[in-house]
Amino acid sequence: MGSKDIPPPHVPSHVIPVSDALLAVGGAFWTLCYILLARRGIQTRSYGMPLFALALNFGWELVFALFVTEEPKEQFGFTVWLIIDIGLVYCLIAFGKNEWYHTPFVRDHIPGLFFFSVVFCVLLHGSFSYWWIAYDISIHRGKRYLGRVACDTTELGYWTALFCQMNLSVTSLFQLLQRGHSGGVTYGIWATRSLGTLIGLYGYFTFRWWFWPEGHDYLVNPFSLFMIGIGALADIAYPFALAQVRSKERTLGDGRKIPKGAVELAVGYRYSWPDDERAHEKKTRGKR
């Protein structure tokens, strides 16, 4: 996806190797982020990557590793992420019930819901990638795929990665605000995720577009800019939301995090509102 591109004569020779280096650095940050997510999830008996975002990433990595990428180094990178994903899936299945006390159906069916989400996301990415490749989308750019002038798989990688990234950024922020605690997440996880996106996605494609605009004009497409903006806003807001949440949480003996105004249960927790408790106490006294 891009490392085999042959740029026209006016593009400086350093563009491909420098952009590949940006992609490698961004990928390294994402790998570290995955490791930190698994580690934090086990420590706090929770999970950090939202269920559907994890399924969407898993489906993307599986489809690209098996069916889209040509280069061994790209296949290796996707395979490494798939292996590390096992730790994230473990945290989701083992500890997910602690976060879904308020929705019994989800709490009791997390493995099945994740499985069907992965199937859906594999079909989503697979059908989109098949359409892109089979119909030689963006063949006018003159790039090569499977040894012939064909579709632009670099653009395919851009749209699918951008969609996954925007979804993860937005759902991560909403998950944090909904939970009211920092179980499964840290500032380090936010930083590595944000740097991976900034360098490996925005930096990679912006650098290529700057020197080779006709080959990467989709970067400044209005829909592209919209998704970049939404994802960036969510990432900027996240550390402030995390600071607010951390100031109003407490840690249980087993490492779990819950909001200060919550009551610990055997599985998960529930919110305890003082006014409701006083009303319940008066009602109980009246019956006596």
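Residue numbers count from 1 along this sequence.
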Parallel, tilted or perpendicular: which one describes the rings of H102 and W100, with boundaries at 30° and 60°?
parallel

Side-chain heavy-atom pair F207, L23 within 4.5 angstrom cut-off
no

Can you tell me how far the CZ atom of F52 sits from the CD atom of Q175, to the nearest 0.5 Å?
14.0 Å

Candidates W81, W30, Y34 - the one meeting side chain to side chain donor-acceptor pair (under 3.5 Å) with N57:
Y34

Any chance OH of Y187 has more than 12 other-residue heavy atoms, nucleotides or ligands included, within less than 6.0 Å?
yes

Y158-S224 side chain donor-acceptor pair, cut-off 3.5 Å
yes

Using 30° and 60° as the class boundaries, would you call the ring planes of F95 and Y90 parallel, tilted or perpendicular?
perpendicular

How far apart are the C-alpha atoms of R179 and S46, what are their side-chain angles, what is the distance that settles it, and do they pass the side chain to side chain donor-acceptor pair (under 3.5 Å) test?
CA-CA 11 Å; R179 285 181 178 177; S46 183; 3.3 Å; yes

Out of T69, L62, V68, which residue meets the side-chain contact (heavy atoms from CB on, under 4.5 Å) rule with L66?
L62

Answer yes if F174 and I230 sit in the same cluster of Ile, Leu, Val, Met, Phe, Trp and Tyr residues linked by side chain heavy atoms under 4.5 Å apart, and no otherwise.
yes

Return the set of residues passing side-chain hydrogen bond (donor to acceptor under 3.5 Å, both in side chains) with T186 (not counting sequence neighbours), or none when no residue passes.
none

Just by modelled atom types, is the S182 backbone N or O under 3.5 Å from a matching donor or acceptor in the E249 side chain?
yes

Scanning both residues in full, the closest heavy-atom pair of L168 with A53 reads CD1-CB, 3.7 Å

For V185 against R40, the heavy-atom pair lying closest together:
O-NE, 3.1 Å

Tell me whether the rings of F64 and F78 are parallel (<30°), tilted (30 to 60°) or perpendicular (>60°).
tilted

Closest approach of P8 and E214, non-hydrogen atoms and distance?
CG-OE2, 3.7 Å

